[in-house]
2 protein chains.
Amino acid sequence: MGEAGFATHDHSGCIEAGLARAGRICTAAGVRLTPIRRRVLEILLAEHRAMGAYEVLDRLAREGHPAQPPVAYRALDFLVRHGLAHRIERLNAFIACSHSGRDHAPVFLICRACGAVAEAGWQPGGGQIGAAARAHGFRVEAVVAEALGTCPNCRAAAP
Amino acid sequence: MGEAGFATHDHSGCIEAGLARAGRICTAAGVRLTPIRRRVLEILLAEHRAMGAYEVLDRLAREGHPAQPPVAYRALDFLVRHGLAHRIERLNAFIACSHSGRDHAPVFLICRACGAVAEAGWQPGGGQIGAAARAHGFRVEAVVAEALGTCPNCRAAAP
DNA sequence: TCTTGATATGTTATAATATAACCCTTTATC
DNA sequence: GATAAAGGGTTATATTATAACATATCAAGA
Ligand SMILES: [Zn+2]
Ligand SMILES: [Zn+2]
Ligand SMILES: [Zn+2]
Ligand SMILES: [Zn+2]
């Protein structure tokens, strides 16, 4: 887990660690990591990329658990609410959180070429969004920060 | 025009100035500000808020120009391509640009309570997104930066 | 244990957003 | 005027998301 970024990383242990962390967070928050929620998180962790809700549904169906859209959206909503996954607005898609800390404001780097998404940390209130908010008397409650571009792997492959 | 932000501003002249600027930009770029494109921009400028594509369509219909979805999406796409409007990912909506300069990377402050959207400037390559991109070897080509929260007017009304 | 309220899931139907594809019209250029 | 390029009209459909309601599961207290 952690700041994998675009580096090819050893994916083994990634899923296990993510699930363990999810269990801890849910216990601490007094909420239930039910089988469906857990399975959706597993799927996101295993793919390690942004997936649409219907893509998750397809995966569930192929794994022998056919379900209707609300099932996926509820599970994804739960995961997002508890910081275990994030919604990428630009892609209408969801990705497992790869950040260890809780209550974080992530910024995403989205590769146009290969679709890989890296999650980086963000200092709420800092940087240019914070400055703009202060200048306008605006109180920030949530931030969507997504950069589209090309990752180092794709630039190396086709410069 | 310019940095209206959340301050109540004198809206007269706003539309006219926006259209004049659009004409200059299109002429300079060698593209055509056709009647439909112009009318959609007028609508966005007049409302001075983020509008969904179907909301724009409704407006067109009520103004005596009934049209199908592709008409609105084509016009909005044109306006976005040429920097005359922006897409707010978080809202699936579009807003006329309120920034004078060309080739700018805006950051939006979106009020949850009243729906008002302020557009602030952004230094591409600067701030925390720039830092994260450099740290990951990522080349940024476009940025989505949107903050949700409450504007000063709404906080004053219901603190 | 039995009731009971809260939470979660199953299911149907539909809303909201967006695009593909085709044909015709308008515009710019030769 | 012929021709190519760009834009608009239209139909149909894809994609994303939610409302609403029935059923099932869980957590505690009586
Ligand atoms: Zn995260
Ligand atoms: Zn890539
Ligand atoms: Zn702008
Ligand atoms: Zn407000």
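Worth knowing before you read on, the calculation uses all heavy atoms, side chains too, and leaves out hydrogens, waters and symmetry mates. This one's a predicted model, so the numbers in the text were calculated from it and none came from an experiment. Here is the naming used below: chain letters follow the sequence lines, and residue numbers restart at 1 for every chain.
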On DNA chain D, check which nucleotide each of B:Ile36 and A:Ala93 is closest to and give me the residue with the more 5' one.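 Checking each residue's closest nucleotide, the 5'-ward one belongs to B:Ile36.
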Counting only non-hydrogen atoms, which of residues 52-65 of chain A are less than 4.0 Å from DNA chain C? A:His65
Parallel, tilted or perpendicular: ring planes of A:His86 versus A:His104, cut at 30 and 60 degrees: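 Taking A:His104 first and then A:His86, their aromatic rings stand perpendicular (interplane angle over 60°).
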Please verify the inter-ring angle class for B:Phe6 with A:Phe138; under 30° counts as parallel, over 60° as perpendicular, anything in between as tilted. parallel
What's the spacing between A:Ile129 CD1 and B:Leu109 CG if we round to 0.5 Å?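 It comes to 8.0 Å.
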Under 4.0 Å between a side-chain nitrogen and a carboxylate oxygen: does that hold for [X] and [Y]?
{"X": "B:Glu55", "Y": "B:Arg49", "value": "yes"}
{"X": "A:Arg21", "Y": "A:Glu16", "value": "no"}
{"X": "B:Asp77", "Y": "B:Arg81", "value": "yes"}

Quick check on A:Gln123: does its CD atom have over 12 non-hydrogen neighbours (other residues, nucleotides or ligands) under 6.0 Å away? no
Output the rounded distance in Å from [atom1] ([X]) to [atom2] ([N]).
{"X": "B:Leu76", "N": "D:dG8", "atom1": "CG", "atom2": "P", "answer": "12 Å"}
{"X": "B:Tyr73", "N": "D:dA14", "atom1": "OH", "atom2": "P", "answer": "17 Å"}
{"X": "B:Leu91", "N": "D:dT16", "atom1": "CG", "atom2": "P", "answer": "19 Å"}
{"X": "B:Arg39", "N": "D:dG8", "atom1": "CZ", "atom2": "P", "answer": "13 Å"}
{"X": "B:Leu33", "N": "D:dA6", "atom1": "CG", "atom2": "P", "answer": "17 Å"}
{"X": "A:Arg90", "N": "C:dA18", "atom1": "CZ", "atom2": "P", "answer": "12 Å"}
{"X": "A:Glu89", "N": "D:dT15", "atom1": "CD", "atom2": "C1'", "answer": "16 Å"}
{"X": "B:Gln68", "N": "C:dA16", "atom1": "CD", "atom2": "P", "answer": "17 Å"}

Among C:dA18, D:dG9, D:dA17, which is the nearest nucleotide to the side chain of A:Asn92? D:dA17
The side chain of A:Pro69 is closest to which nucleotide in this list: D:dG8, C:dA18, D:dT18? D:dT18
Applying salt bridge (charged side-chain N to carboxylate O under 4.0 Å, His left out) to B:Arg39 and not counting sequence neighbours gives B:Glu63
Strictly below 4.0 Å: does A:Thr34 bring a side-chain N or O up to OP1 or OP2 of C:dT7?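 A:Thr34 to C:dT7 OP1/OP2: no side-chain N or O under 4.0 Å.
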Please state whether the phosphate of D:dA17, meaning OP1 or OP2, lies under 4.0 angstrom from any side-chain nitrogen or oxygen of A:Arg87.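 For D:dA17, OP1 or OP2 has a side-chain N or O of A:Arg87 closer than 4.0 Å.
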What string of B, S and - do you get for nucleotides 20-30 of chain C, 5' to 3', when a contact is any protein heavy atom under 4.0 Å? BB-----SS--
Which comes earlier along DNA chain C counting from the 5' end, the contact point of A:Ala75 or that of B:Phe94, where each point is its nearest nucleotide? A:Ala75
Is there side-chain contact between B:Leu76 and B:Val40, with at least one heavy-atom pair below 4.5 Å? yes
